[in-house]
Asker: 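Mind looking over this structure? Questions follow.
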Amino acid sequence: MAQTSTISRRAQNASIAMGSSTMWEVLVDTWSSTNPNGYINVGVAENALMHAELQQYLNRERLNLPVEYLTYNDGGHGSTTLRRSIAHFLNRHLHPAKPLDAEQMVATNGCSSAIEHVSWAFTDPGEGILLGRPFYGTFIPDMTTRPGAAVVMVPFGQVDPFSLDAVSKYEEALISFQTSTGKPVRALMLCHPHNPLGRCYPRQVLIELMRLCQKYQIHLISDEIYALSVFENTVDESPAPVKFESALSIELDGIIDPGLVHVLWGMSKDFGANGIRLGVVISQSSPEVLGALKATSLYSYPSGIADYLVGKLLADDDFTDQYIQENQKRLAESYAFAANFFKANKIDYAPGCNAAFFLWINLGKRYRELHADLASEEAVGEKVMQSLLRERVFLADGAVFGSEKDGWFRLVFTQPRAYLELALEKIFKALE
């Protein structure tokens, strides 16, 4: 007898999506000295370059957990101590035009929860959020699975997505969506610095995107989870990298209603601590947004232990300054090593990086060059992906990131050198 599902349609869709995710298979079967047949994982956005230093610091601190962290403490939006520490830390590093304070933020158990929260807060089901291509792939489920927003993908064709010319592409996508669906666009989501392209938006482009949001009265969300994972690019590349400047650093008078600008940040990337699960939504001028997020914060409550540890860590200026400086040095070295490998092996990649953990690489083109029997119109992205998995190496397929062209992949270079070398060898072998 055929069985009818007893769960909701949205739950059925989520279950199907979960079943098709290679990433989770890779995470439970990762290569190590005790698991030599596991996957070499250079596809998941984790920075292992500073794990030893962070682990040593946290273990040295000992927990000494005050009793209030065993209670509901100051509520689901994070303890006052934590939010003050985040404000102190980000005031020092993001240089906001107006200093941050604890009452302008809601802490969450990771930035995925923060993304889901703002999607829920700004859209009713079916309403749009603009997202430029390529994009961080998990933006899609974060914004759609439970909030029900419609992601409006913005194609750029031959236009540089970090240029002033790209702003009109967002407007075209907004008008097209609203005309075809009869539903409004409510927000524009940026990943700044960008995942997967590893670049920063120039200040003037941020300002023009703000002007666009003001014109249509939509929210600008700047996800700045890689804000401090910036580095000096020492590779001979063009275009020249652009310095990171936070959306918070822009004086908004005459540009946009400050209540429409919101910034996300978290511990996962800048501190290589995906497992700590601590993020924050910053909204300096919208008590209504903060009130809505606090009302639902029970569902993204940071653990008391994470709250306490992060509050202590971010208040320690000496440690965080040293950590960030050394992390940026190692990011630069690892990027240069990977970029020079691809240059030497005639594999194209998107240049101009100076932030985050990624190289956006064109494995499809090199695969075609090595396999002359392929028809010119034949898609190769899936062929390359299957070849990589046979070699037990995992990269993120560009198709998941909304790539406008077939055959592009995201490689994460923030792994120990020996591990990265092994991954690069396997990638080249897979192409052959």
Asker: Is there a side-chain contact between E68 and P66, using heavy atoms and a 4.5 Å cut-off?
Answerer: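 Answer yes - side chains close enough.
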Asker: Just wondering, more than 12 heavy atoms not from E432 lying within 6.0 Å of its CD?
Answerer: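 Atom CD in E432 is crowded, with more than 12 foreign heavy atoms closer than 6.0 Å.
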Asker: When you check the side-chain N and O atoms of D317 and H88, is any donor under 3.5 Å from an acceptor?
Answerer: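 Note: D317 and H88 side chains meet the donor-acceptor criterion.
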Asker: Can you tell me if S283 uses its side chain to pair, donor with acceptor, with the backbone of V289 under 3.5 Å?
Answerer: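 No, S283 side chain to V289 backbone: no donor-acceptor pair under 3.5 Å.
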Asker: Run the salt bridge (charged side-chain N to carboxylate O under 4.0 Å, His left out) test against E224 and tell me which residues pass, sequence neighbours left out.
Answerer: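 Checked E224 against salt bridge (charged side-chain N to carboxylate O under 4.0 Å, His left out); zero matches.
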Asker: Any donor and acceptor pair, going by atom type alone, linking the side chain of Y367 with main-chain N or O of V380 inside 3.5 Å?
Answerer: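 Absent.
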Asker: What's the shortest heavy-atom distance between S303 and A306, and which atoms?
Answerer: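 Minimum heavy-atom separation between S303 and A306: OG-N, 3.1 Å.
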Asker: Show me, pair by pair, the donor-acceptor contacts under 3.5 angstrom made by side chains of residues 339-347, not counting sequence neighbours?
Answerer:
from : atom 1 : to   : atom 2 : distance (Å)
N340 : ND2    : A336 : O      : 3.0
K343 : NZ     : D236 : O      : 3.3
N345 : ND2    : F341 : O      : 2.9

Asker: Taking 4.0 angstrom as the limit, do R211 and E208 come out as a salt bridge?
Answerer: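 Yes, R211 and E208 are salt-bridged.
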Asker: Please identify which of these residues, D307, D74, N73, meets the side chain to side chain donor-acceptor pair (under 3.5 Å) condition with S79.
Answerer: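 Option passing the side chain to side chain donor-acceptor pair (under 3.5 Å) with S79: D307.
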Asker: Any side-chain heavy atom of F358 sitting closer than 4.5 Å to one from V412?
Answerer: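 Yes. Closest side-chain heavy atoms under 4.5 Å.
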Asker: Are any side-chain N or O atoms of Q104 and backbone N or O atoms of D101, one a donor and one an acceptor, separated by less than 3.5 Å?
Answerer: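 Checking the backbone N and O of D101 against the side chain of Q104, a donor-acceptor pair under 3.5 Å is found.
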Asker: Any side-chain heavy atom of L190 within less than 4.5 Å of one from Y201?
Answerer: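 Yes, close enough: below the 4.5 Å cut-off.
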Asker: Which pairs with one or both residues in residues 389-409 pass side-chain hydrogen bond (donor to acceptor under 3.5 Å, both in side chains), sequence neighbours excluded?
Answerer: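 Matches after skipping sequence neighbours: D29-R392, Y39-R392.
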Asker: Would you kindly check if the NZ (Lys) or CZ (Arg) of R417 is within the cone defined by 45 degrees around the ring axis of F337 and under 6.0 Å from the six-membered ring centre?
Answerer: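 Here R417 passes the 6.0 Å and 45° test against F337.
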Asker: Do the side chain of S334 and the main chain of L331 share a donor and acceptor less than 3.5 angstrom apart?
Answerer: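 Flag not set: sc S334 to bb L331 has no pair under 3.5 Å.
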Asker: Is the F357-Y226 ring centre distance short of 6.0 angstrom?
Answerer: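 Yes: the rings meet the under 6.0 Å criterion.
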Asker: Does any donor atom in the side chain of Q386 or E382 lie under 3.5 Å from an acceptor atom in the other side chain?
Answerer: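 The criterion, which ignores hydrogens and geometry beyond distance, is satisfied for E382 and Q386.
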Asker: Rounded at 0.5 Å granularity, tell me how far CD1 in I221 sits from OG in S119.
Answerer: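 I221 CD1 to S119 OG: 7.5 Å, rounded to 0.5 Å.
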Asker: How are the rings of Y72 and Y301 set relative to one another: parallel (under 30°), tilted (30 to 60°) or perpendicular (over 60°)?
Answerer: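 Geometry flag for Y301 against Y72: tilted rings.
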Asker: Before giving the answer on side-chain contact (heavy atoms from CB on, under 4.5 Å), spell out for Q415 and L49 the whole-Å C-alpha distance, their side-chain angles and the decisive distance to 0.1 Å.
Answerer: CA-CA 6 Å; Q415 293 290 344; L49 298 177; 5.8 Å; no
Asker: Do N233 side-chain atoms and P241 backbone N/O form a donor-acceptor pair below 3.5 Å?
Answerer: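 No: the side chain of N233 does not pair with the backbone of P241.
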Asker: How close do P96 and N91 get, counting heavy atoms only, and between which atoms?
Answerer: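 In terms of heavy atoms, the two residues are closest at CG-OD1, 3.1 Å.
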Asker: Applying side-chain contact (heavy atoms from CB on, under 4.5 Å) to V151 and M153, what does each step give before you reach the verdict?
Answerer: CA-CA 6 Å; V151 172; M153 299 183 192; 4.2 Å; yes
Asker: What I'd like to find out is whether the side chain of C191 reaches to under 4.5 Å of the side chain of F139, using heavy atoms alone.
Answerer: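 Contact flag for C191/F139 side chains = yes.
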Asker: Which distance, rounded to the nearest 0.5 Å, do you find between the CZ of F122 and the OG of S286?
Answerer: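 One gets 7.0 Å once the value is rounded to the nearest 0.5 Å.
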Asker: Which value, rounded to the nearest 0.5 Å, describes the distance between T414 atom OG1 and E46 atom CD?
Answerer: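 Here the rounded value is 8.5 Å.
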Asker: For N354 and V242, indicate whether the former's side chain and the latter's backbone hold a donor-acceptor pair under 3.5 Å.
Answerer: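 Yes; at least one donor-acceptor contact below 3.5 Å.
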Asker: Consider side-chain contact (heavy atoms from CB on, under 4.5 Å). Of L130, I218, I129, T123, which one does R186 pass it with?
Answerer: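 The side-chain contact (heavy atoms from CB on, under 4.5 Å) with R186 is passed solely by T123 among L130, I218, I129, T123.
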Asker: Would you confirm whether E127, through its side chain, and A149, through its main-chain N or O, come within 3.5 Å as a donor-acceptor pair?
Answerer: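 Side chain of E127 to backbone of A149: no pair is present.
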Asker: Tell me, do F135 and I140 make a side-chain contact under 4.5 Å, heavy atoms counted?
Answerer: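 Of all side-chain heavy-atom pairs linking I140 with F135, at least one is under 4.5 Å.
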Asker: Apply side-chain contact (heavy atoms from CB on, under 4.5 Å) to the pair T145 and R10, showing each step before the final yes or no.
Answerer: CA-CA 7 Å; T145 301; R10 62 179 180 269; over 6 Å; no
Asker: Please verify the inter-ring angle class for W360 with F401; under 30° counts as parallel, over 60° as perpendicular, anything in between as tilted.
Answerer: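 W360 and F401: perpendicular rings.
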Asker: Under the ring pair (Phe, Tyr, Trp, His ring centres under 6.0 Å) criterion, do Y170 and F156 qualify, and how do the steps go?
Answerer: CA-CA 9 Å; Y170 283 95; F156 297 103; 5.6 Å; yes
Asker: Just do the salt bridge (Lys or Arg N to Asp or Glu O under 4.0 Å) check on R366 and D348 with the steps written out, would you?
Answerer: CA-CA 8 Å; R366 188 62 179 145; D348 289 350; over 6 Å; no
Asker: A quick test of your reading: do over 12 heavy atoms of other residues, nucleotides or ligands sit less than 6.0 Å from CZ of R368?
Answerer: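 Yes.
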Asker: Distance check, rounded to the nearest 0.5 Å: M50 atom CE versus Q328 atom CD?
Answerer: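 So the gap between those two atoms works out to 10.0 Å.
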Asker: Is the backbone of H194 close enough, under 3.5 Å, to the side chain of R199 for a donor and an acceptor to pair up by distance?
Answerer: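 A pair under 3.5 Å: no.
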Asker: Less than 4.5 Å apart, side chain to side chain, heavy atoms only: is that true for I115 and M189?
Answerer: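 SC-SC contact between I115 and M189 confirmed.
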Asker: Can you tell me how far NZ of K429 sits from CG of L431, rounded to the nearest 0.5 angstrom?
Answerer: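 Here the rounded value is 12.5 Å.
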Asker: Would you say that Y349 contacts L363 through its side chain, given a criterion of any heavy-atom pair below 4.5 Å between the two side chains?
Answerer: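 No - every pair of side-chain heavy atoms lies 4.5 Å or more apart.
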Asker: Would the distance check show the side chain of E237 and the main-chain N or O of G352 forming a donor-acceptor pair, the cut-off being under 3.5 Å?
Answerer: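 Yes, the answer is positive, given that a donor and an acceptor are paired below the 3.5 Å cut-off.
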Asker: Are the ring centres of F413 and Y335 closer than 6.0 Å?
Answerer: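 Yes, they do, as the ring centres are separated by less than 6.0 Å.
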Asker: Donor-acceptor pair, distance only, cut-off 3.5 Å: does the side chain of R203 make one with the backbone of S249?
Answerer: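 Yes: the side chain of R203 pairs with the backbone of S249.
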Asker: Yes or no on ring pair (Phe, Tyr, Trp, His ring centres under 6.0 Å) for Y216 and F177, after CA distance, side-chain angles and deciding distance?
Answerer: CA-CA 13 Å; Y216 290 96; F177 175 81; over 10 Å; no
Asker: So does K329 pair up with E232, basic N to acidic O under 4.0 Å?
Answerer: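 Salt bridge between K329 and E232, a charged N being under 4.0 Å from a carboxylate O: no.
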Asker: How far does OG of S112 sit from CD1 of I225, to the nearest 0.5 angstrom?
Answerer: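 So the OG of S112 and the CD1 of I225 are separated by 7.5 Å.
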Asker: With side-chain hydrogen bond (donor to acceptor under 3.5 Å, both in side chains) as the criterion, how do N47 and N327 come out once you've worked through the C-alpha distance, each side chain's angles and the decisive distance to 0.1 Å?
Answerer: CA-CA 9 Å; N47 179 4; N327 185 46; 3.0 Å; yes
Asker: Begin from the C-alpha positions of H117 and S300 and carry the test side-chain hydrogen bond (donor to acceptor under 3.5 Å, both in side chains) through to its verdict.
Answerer: CA-CA 9 Å; H117 269 330; S300 60; 2.7 Å; yes
Asker: As a quick check of understanding, evaluate side-chain hydrogen bond (donor to acceptor under 3.5 Å, both in side chains) for Y57 and D316, giving each step before the final call.
Answerer: CA-CA 11 Å; Y57 175 85; D316 188 337; 2.9 Å; yes
Asker: Quick one: are L65 and I305 in side-chain contact, heavy atoms under 4.5 Å?
Answerer: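 In contact.
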Asker: Apply side-chain hydrogen bond (donor to acceptor under 3.5 Å, both in side chains) to residues N109 and S113 and explain how you reach the verdict.
Answerer: CA-CA 6 Å; N109 56 359; S113 295; 2.6 Å; yes
